[in-house]
Amino acid sequence: MPRGKSQQPEPTVHAPYGELPRDGTVRPMTRWGAPVMHHAQRPVETYDDALRSLVADMTATMYAADGVGLAACQIGVDLAVFVFDCPDASGDHWAGVVCNPRLVLPEGRERRLDDSEEGCLSFPGAFVPCARPDFAAVEGHGLDGEPVRFEGDGLLARCLQHEIDHTAGTVFGDRLATRARKKLQKQHDAAVPDYPAEWPT
Ligand code: ZN
């Protein structure tokens with residue numbers, strides 16, 4: 001998911017399960033319409049060097065595209081894993097990797113919808129409002145198979161839900177009414193020259 005309009009010069013970054021691997025290679029962004037984007041991803045079963053190398057490439061690609069989250073399918077890999085480095089409502093950044101993610105919408109908490117704008121690195125240059133719960137948690141596994149859990153509000157809540165959706169083969173356009181979807185398409189079409197096929201390499 002792209003950063004959008006929220007930006008902070010020197011945020012505090014929390015990475016409770018370890019930093020994202022930073023020795024990866026930037027890869028071209030896979031776009032909506034590619035088959036890999038539209039089916040549930042294969043679960044991660046092996047926590048090895050190949051997984052770490054994939055996650056390093058995902059991380060490099062996310063930062064090159066000025067994104068706050070990226071799923072493996074967005075670089076063309078059919079595997080249920082995503083990375084993120086995203087601010088919460090207070091502006092603090094949370095960073096991590098989640099394999100085989102499960103969305104947890106907490107009970108016993110008033111459930112409110114946040115109708116802020118959302119975009120997708122795989123449909124670049126376009127943002128429209130998308131209603132989602134304003135707080136979310138994700139449970140899954142880290143790079144060594146250890147259990148991990150992240151939760152948060154603000155853009156982080158949106159990002160976690162957006163990336164979990166990717167691992168299930170859902171893009172946020174699937175969640176929009178026809179009119180909003182058309183508006184999104186129009187913005188994207190106008191921005192196409194800014195995002196050649198090899199972007200963000
Ligand atoms: Zn996306």
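Read the numbers this way: they start at 1 and go in the same order the structure lists the ligands and their atoms.
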Query raised in the report: Is the Phe123 ring parallel, tilted or perpendicular to the Trp32 ring (thresholds 30°, 60°)?
Result: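 Rings of Phe123 and Trp32: parallel, under 30°.
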
Query - Side-chain donor-acceptor contact under 3.5 Å, Asp48 with Thr46 - result: no

Query raised in the report: For residues Gln74 and Ser122, is any side-chain donor paired with an opposing acceptor at under 3.5 Å?
Result: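 Judged by distance alone, the side chains do pair up.
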
Run the side-chain donor-acceptor check on residues 187-201: report pairs under 3.5 Å with partners two or more places apart or on a different chain.
from	atom 1	to	atom 2	distance (Å)
Gln187	OE1	Phe127	N	2.9
Gln187	NE2	Phe127	O	3.2
His188	ND1	Pro124	O	2.8
Asp189	OD1	Gln185	NE2	3.0
Thr201	OG1	Glu198	O	2.6

Query raised in the report: Can you name the residues that form a salt bridge (charged side-chain N to carboxylate O under 4.0 Å, His left out) with Asp144, not counting sequence neighbours?
Result: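 Salt bridge (charged side-chain N to carboxylate O under 4.0 Å, His left out) list for Asp144, sorted by chain: Arg52.
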
Requested in this report: Report the residues that fulfil salt bridge (charged side-chain N to carboxylate O under 4.0 Å, His left out) with Arg27, sequence neighbours left out, ordered by chain and then residue number.
Outcome: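 Listed in chain order: Asp57.
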
Report task. Quick one: name the protein N/O/S atoms under 2.8 Å from the Zn ion (ligand 1), chain by chain. Result ->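 Protein N, O or S atoms closer than 2.8 Å to the Zn ion (ligand 1): Cys120 SG, His162 NE2, His166 NE2.
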
